[in-house]
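Small disclaimer: the values here were computed from a predicted structure and weren't measured. Note on naming: letters A, B, ... go to the chains in the order of the sequence lines (proteins, then strands), and numbering restarts at 1 for each one.
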Amino acid sequence: MPELPEIETIKRELAKALVDKTIKQVKTTWPKMVLPLSPQTFAEKLVGQKIKSVERRAKMLFIHFNNDTLLAIHLKMTGQLIYQRSQGLIVGGHPQKNGLVNLPNNYTRAIFTFTDGSVLYFNDLRKFGWLKHLPHTDLHLLTARSGVEPLTRDFSLALFKSLLTRYPKRPIKTFLLDQTLIAGLGNIYVDEACFLSHILPTRLTNSLSEKEITNLHKNIISVLKLSIQKKGTSTRNYVRADGQPGGFVPHLMVYGRAKLPCKICRTPIAKIRFHGRGTHFCRKCQK
DNA sequence: GTGTTTGTTATCAA
DNA sequence: CTTGATAACAAACA
């Protein structure tokens, strides 16, 4: 559920908080999370490292250290990264708990303590997320298969068109979810971009008109930008680095709105299972 | 007990 | 090579 805007939000918040801090201690539970290293080796590699920068590529976060190594993080479905100035009780506003999240809690899988006493918690209910320590020279192994970043100049209309032409028979939703083509879109923003473009998610790419393609390209960019501005969509697990929910939910037009009236035409929003995902759309607004 | 939630990769089939 | 389907990972929640 964290998609590009959510990871970008966390990246910006962690960059502010973590740059120039030095790791003092690392604790992990769930050994699978740090494979291929053992939890012990993982901790040894990190302790003493000073953070140079925090970056994002696709849905991955990279915490770069001064010794030309980095920590790569993927939150997958339910990962959270929460930073606190000092170890303690605090808490954020978990979207579903209407209140407080104790840290650490049952789902805390890693705790990074810094020399100034601040702490970074990695929580992951479903344990799909991972942490990898690697030399900078190996970074390409993780990013090689990621497609174009949709918020860079590289994501031109011309490129979008050429990708669509290359995969003419895919439903547009399947196409947009393919991380090797465009990086960072997930179920939420694909459904939203299709709605904003008046296109049914099931339409084949080769059925889109010139005008629809131009519109879709524009809407992919604008919905991602607006969500970043609102600091992401908190429906289930996602929270920002300070533990607070993002503010994009009120802007959602279809995702999570099954049976609720369309914000444009009042027709109840339809929800089907497509491409193995919950897929939301308006039968009247999208053709 | 059942269905739902979904990011990513692997594998098999046509 | 394209595409589609399914499983695996794992756990909570209604």
Side-chain angles (χ1 to χ4, degrees), chain A residues 1-8 10-11 28-36 56-61 72-81 94-99 101-102 105-110 122-132 141-147 149-150 162-194 201-207 224 227 232-239 245 249 252 254-259 269-280:
Chain A
M1 334 240 244
E3 306 177 24
L4 187 151
E6 290 74 34
I7 305 301
E8 179 64 22
I10 294 171
K11 179 236 145 180
T28 60
T29 58
W30 197 246
K32 271 191 173 182
M33 179 177 75
V34 297
L35 288 177
R56 179 193 62 77
R57 172 78 171 99
K59 297 171 188 169
M60 290 177 281
L61 277 169
I73 304 174
H74 202 304
L75 302 180
K76 291 291 182 91
M77 322 253 291
T78 58
Q80 301 176 326
L81 282 167
H94 188 286
Q96 285 204 316
K97 296 216 166 149
N98 180 30
V101 176
N102 293 308
N105 59 43
N106 281 348
Y107 313 122
T108 300
R109 315 291 181 198
F122 176 71
N123 299 333
D124 187 18
L125 183 152
R126 289 175 68 178
K127 300 180 181 173
F128 288 177
W130 47 250
L131 309 172
K132 292 182 198 295
L141 298 173
L142 291 181
T143 58
R145 293 178 54 78
S146 295
E149 281 290 330
S162 79
L163 290 174
L164 287 164
T165 312
R166 179 136 45 111
Y167 302 100
K169 300 284 230 198
R170 286 197 198 180
I172 187 64
K173 175 158 183 167
T174 309
F175 172 90
L176 294 174
L177 282 171
D178 188 333
Q179 301 299 302
T180 68
L181 305 180
I182 302 168
L185 295 172
N187 208 32
I188 298 173
Y189 298 104
V190 166
D191 282 4
E192 291 298 307
C194 286
T202 50
R203 289 266 302 280
L204 296 189
T205 51
N206 68 1
S207 78
L224 293 175
S227 183
T233 303
S234 290
T235 46
R236 300 198 69 189
N237 295 93
Y238 164 72
V239 291
V249 169
L252 292 173
V254 287
Y255 183 85
R257 292 182 46 77
K259 296 180 183 171
I269 296 300
K271 182 179 178 187
I272 61 170
R273 183 144 288 266
F274 180 69
H275 193 255
R277 319 289 190 91
T279 298
H280 315 72

Nearest whole Å is fine: how far is [N] [atom2] from [X] [atom1]?
X: L125(A); N: dG7(B); atom1: CG; atom2: C1'; result: 15 Å
X: K76(A); N: dA11(C); atom1: NZ; atom2: C1'; result: 15 Å
X: R166(A); N: dC1(C); atom1: CZ; atom2: P; result: 12 Å
X: Y189(A); N: dG7(B); atom1: OH; atom2: C1'; result: 15 Å
X: L131(A); N: dT8(B); atom1: CG; atom2: P; result: 15 Å
X: L185(A); N: dG7(B); atom1: CG; atom2: P; result: 10 Å
X: I73(A); N: dT8(B); atom1: CD1; atom2: C1'; result: 17 Å
X: K169(A); N: dC1(C); atom1: NZ; atom2: C1'; result: 15 Å

Ignoring the backbone of [X], work out which of [options] is nearest its side chain.
X: P171(A); options: dC9(C), dA12(C), dT3(C); answer: dT3(C)
X: H74(A); options: dT8(B), dT3(C), dA11(C); answer: dT8(B)
X: R170(A); options: dA12(C), dT3(C), dC9(C); answer: dT3(C)

Salt-bridged, R277(A) to D191(A), with N to O below 4.0 Å?
-> no

Could you give the distance separating dC1(C) and dT8(B) at their P atoms, to the nearest angstrom?
-> 23 Å

Answer yes or no: does a side-chain N or O of [X] lie under 4.0 Å from OP1 or OP2 of [N]?
X: Q179(A); N: dT8(B); result: yes
X: Y167(A); N: dC1(C); result: no
X: R277(A); N: dG7(B); result: yes
X: K32(A); N: dC9(C); result: no

Do you see a donor-acceptor pair shorter than 3.5 Å between the side chains of [X] and [Y]?
X: E3(A); Y: Y238(A); result: no
X: Y189(A); Y: T233(A); result: yes
X: S207(A); Y: R203(A); result: yes

